[in-house]
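Naming: A, B, ... by sequence-line order, numbering from 1 per chain. Here the structure is a predicted model, which is why all the values come from computation and not from measurement.
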Amino acid sequence: MRQSTAAASKLKSNDQQLSCVTNRIVAWYQGSPKKTANSKIVRSNGIDRSKDESELPASSRWRKISTGKWGPWQRTELTNPRTRSALTQKSRQIHLPRGGTVTIYPGLLSKTQRATLSQELLSSNLFRQYEIQGMPEPRVHFLLHEQATDEPEAPQPGYRYGSVRMKACPLRGLPKLCRLSKIVGKRAGVESWNIGVNPVFYRDGKDRIGAHADDDQGESCILSVIVASPIPLRRLLIQPKPTKIVDRTVLGTKQKGNKRLKLKTGNGDIVDDGVDEQHELRLGPGDAYCMDGEMQEHYVHSLPPDEHSKGSVEGRRIIVVFRSGTQKVFKKDSGKPCNLAALEPRPDLCFTFGNEIKDLREGDIYGGRQLRAMNAHRSTQRSVSGNKVMGCDAITVSRDREDDTFVRFSFAAETRVGGGSMLTSLQKGYPVRVFRTSALHNKYKAVAKKSGPKSKSNVYRYDGLYHIESAVEELGDKVNDVSLGLSNMINRKSEIIFRLCRSSENSVSSMRLLRRIVIERMTHSKVTSNNDLRKNCPKKIIVN
DNA sequence: TCCCCTATTGGTACTTTCTT
DNA sequence: AAGAAAGTACCAATAGGGGA
């Protein structure tokens, strides 16, 4: 009884909180954009953007790949659509050089419509957080569909890209958006948004979307309506799609990688016109833009981060994306529902040096996600966590080095992949958290707990704090000691070999920890007491 | 105009996860 | 089994501003 009352009051307070958040956003949104009139944004390329904002702001620039220099941003020519009707009278088009069209519909929504729609979306409680490339996406969103039903377990129409699987909720649950969907469908000449209606919430200027094409489900029409936007406006960046087959050396440039832009001709040959292009669109609240299927073949688009509105509620941006293409059905949704905190701007990550991290215990096994959540190792895709200024707080060891004795080992890193931060830690005498991973082949390889979920991903064992003893730069035959403040002299591409030694600051001695690791590997259970250690420990430690 | 300092940006490497 | 990725953030190179 008591419990249910508590639950009820909790629900109520959640509701109140939600309406509080919603009201605040709506209030902010309805407020006049005071900043516009006076703020002057002069970009490094010398263009004064504030003049553009009252009109349709589209600009483009080009560069020759051979020279690498970008030309100035210039106003993009906007043409009237070929088909004129009452519905498209105000619209304008950009015809992209490599193929495809963007149609802009200025002022599609009134201020009142925007406010009520914002409220409907934010109070729907439907936003979800999805993960991609091992990280939460820097935005939250959800999918609606006119054919979706209320049964949560039943398969529903959906949308999938990368590892994100979105299962739609019924569109009729949000009546205002449902109405809008029909209006914009007419305007764009689309009978049904058969992939779905996708409201997206960028919580602040740090939230963003990387370069991508909407081409995973045969999209033929992608229409986005901007419901709310920070002022100054954020830019939508459009660039040619990178191709897969690339050899820069053949083409006489030094750079490696697959970024060079090439085009496919009609007969399948790959040609290269030697030119990069970029296009920017700065559309405001109430405006809409529509990308066609052909554009998705040749271009990617992105919403780059905006330092201006980072960490601030004023940086909120809400858009609704309507997609038509190939309808698919999904049984599962890969996202998690957002609580109220998840709708606030995400806080910056902070550094923690040393052992004082809650739930981090020497010898224990963790997943990569756990490490990031604990702030014990912050980087998904590099083994060194840290930066050149602050130093390195943690590393993961996943490459075998013959000299690893557990107490001491060496670790190689170029300055560009974290060697710089390790040099800082060496100079400051900071301890580094060391995690050995299951990717190792030597006897100190981390081994997943038997009881844990079956997964192909690596696991990480916390082996305690280590101090960096020395650093040498290897230059062919020469070896250069860089332990003392010479980091600026180092060739960024040469490897620096660091020697690390397990620190006496650790709560557990090296030998005791090593014994525990051995026993836990043998018994697949946790060693919790000294008694366990004495009882189970073999006389001679042999690890394999 | 040159120099020096700071801010911005473009290029890049990185791992896990998932698909083909 | 191979390969690509709707991401992250480091860091060098570059641009821009201010002072001499």
Side-chain angles (χ1 to χ4, degrees), chain A residues 41-47 61 63 65 68-70 72 130-141 159-166 198 200 202 206-217 219 222 236-237 239 241-245 248 253-260 276 278 296 300-308 321 323 332 334-335 346 348-349 367-369 371-372 377-390 392 395-396 398-399 413-424 435 437-439 455-460 487-488 490-493:
Chain A
I41 311 141
V42 180
R43 292 171 50 88
S44 57
N45 51 48
I47 292 210
R61 64 174 183 172
R63 70 172 171 184
I65 292 175
K69 300 278 184 204
W70 283 106
Y130 293 85
E131 270 194 2
I132 197 153
Q133 299 219 45
M135 292 291 284
E137 286 184 319
R139 60 193 169 276
V140 291
H141 54 147
Y159 187 48
R160 180 173 74 191
Y161 59 87
S163 57
V164 174
R165 245 171 258 245
M166 306 181 78
N198 180 205
V200 187
Y202 298 92
K206 214 166 50 170
D207 270 5
R208 63 185 177 279
I209 192 161
H212 69 284
D214 282 43
D215 59 356
D216 293 76
Q217 237 159 274
E219 288 91 325
I222 306 112
L236 180 83
L237 184 65
Q239 294 170 284
K241 198 188 254 187
T243 54
K244 296 164 200 166
I245 312 151
R248 284 180 190 259
T253 57
K254 283 178 187 169
Q255 286 165 288
K256 281 184 259 168
N258 65 353
K259 292 290 161 78
R260 187 163 174 128
D276 275 355
Q278 285 188 330
Q296 308 310 312
V300 292
H301 55 280
S302 60
L303 185 79
D306 172 28
E307 289 295 314
H308 218 83
V321 187
R323 291 188 185 87
K332 280 188 178 173
S334 69
R346 292 183 301 167
D348 277 335
L349 288 174
R369 244 180 229 119
L371 293 189
R372 269 169 262 135
H377 188 288
R378 311 180 315 151
S379 191
T380 45
Q381 306 204 358
R382 42 178 56 194
S383 41
V384 180
S385 168
N387 67 40
K388 214 161 84 172
V389 178
M390 297 292 291
C392 159
I395 59 170
T396 60
S398 51
R399 269 192 295 171
E414 299 168 22
T415 56
R416 63 177 161 176
V417 297
S421 65
M422 293 185 71
L423 279 176
T424 306
F435 298 89
T437 82
S438 50
S455 161
K456 278 184 218 164
S457 53
N458 281 335
V459 293
Y460 304 83
S487 52
N488 291 336
I490 296 165
N491 178 348
R492 69 192 286 263
K493 286 188 180 171

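- Taking 4.5 Å as the limit, every side-chain heavy atom of Leu303(A) sits out of range of all side-chain heavy atoms of Arg139(A).
- Ser379(A) contributes no side-chain N or O that, together with a main-chain N or O of Ser385(A), makes up a donor-acceptor pair within less than 3.5 Å.
- Residue contacts for Arg165(A): at a heavy-atom cut-off of 4.0 Å it reaches the sugar-phosphate backbone alone, with no base atom in range.
- Here Arg399(A) lies out of heavy-atom contact (under 4.0 Å) with every strand.
- Rounded to an integer number of Å, the gap from CD of Glu414(A) to C1' of dA12(C) is 14 Å.
- The aromatic rings of Tyr130(A) and His141(A) sit perpendicular to each other, their planes meeting at more than 60°, with 30° as the lower class boundary.
- As rounded to whole Å, 8 Å separates atom P of dT17(B) from atom CD of Glu131(A).
- The side chain of Asp216(A) lies closest to dA6(C), out of dC11(C), dT15(B), dA6(C).
- To the nearest angstrom, C1' of dA6(C) lies 14 Å from CD of Gln239(A).
- Using a 4.5 Å cut-off on side-chain heavy atoms (C-beta onward), His301(A) and Asp214(A) make contact.
- A donor-acceptor pair is defined here as one N or O able to donate and one able to accept, closer than 3.5 Å; such a pair exists between the side chain of Ser438(A) and the backbone of Val459(A).
- Under 4.0 Å is where a charged nitrogen must lie from a carboxylate oxygen, and between Asp207(A) and Arg346(A) at least one such pair does.
- Over its length, the helix from dT1(B)-dA20(C) to dC14(B)-dG7(C) turns its helix axis by 10°, as judged from the five terminal pairs at each end, rounded to 10°.
- For dT17(B), one of the phosphate oxygens OP1 or OP2 lies less than 4.0 angstrom from a side-chain nitrogen or oxygen of Arg369(A).
- Close to dA6(C), at under 4.0 Å from its OP1 or OP2, lies no side-chain N or O of Lys241(A).
- Residue whose closest nucleotide on DNA chain B sits further toward the 5' end, between Arg160(A) and Gly368(A): Gly368(A).
- Although no hydrogens or angles enter the test, the distance criterion places a donor-acceptor pair under 3.5 Å between the side chain of Gln217(A) and the main chain of Arg160(A).
- Between the C1' atom of dC10(C) and the CE atom of Met390(A) lies a distance of 15 Å, rounded to the nearest Å.
- A distance-only check finds a donor-acceptor pair linking the side chain of Lys241(A) to the backbone of Gln296(A) [under 3.5 Å].
- Taking atom CG on Asp306(A) and atom P on dT9(B), their separation rounds to 10 Å, with Å as the unit.
- The heavy-atom pair separating Thr424(A) from Val389(A) by the smallest distance is CG2-O, 3.6 Å.
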Could I get a table of every N or O pair under 3.5 Å where one atom is in the protein and the other is in nucleotides 7-9 of chain C?
{"residue": "dG7(C)", "atom": "OP1", "partner": "Gly210(A)", "partner atom": "N", "Å": "3.3"}
{"residue": "dG7(C)", "atom": "OP2", "partner": "Gly210(A)", "partner atom": "N", "Å": "3.3"}
{"residue": "dG7(C)", "atom": "N7", "partner": "Gln133(A)", "partner atom": "NE2", "Å": "3.2"}
{"residue": "dG7(C)", "atom": "N1", "partner": "Gln381(A)", "partner atom": "OE1", "Å": "3.3"}
{"residue": "dG7(C)", "atom": "N2", "partner": "Gln381(A)", "partner atom": "OE1", "Å": "2.8"}
{"residue": "dT8(C)", "atom": "OP2", "partner": "Arg208(A)", "partner atom": "NH2", "Å": "2.6"}

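- Taking atom CG of Asn458(A) as the reference point, atom P of dC14(B) lies 15 Å away to the nearest angstrom.
- For the pair Leu237(A) CG and dA6(C) C1', the computed distance is 14 Å after rounding to whole Å.
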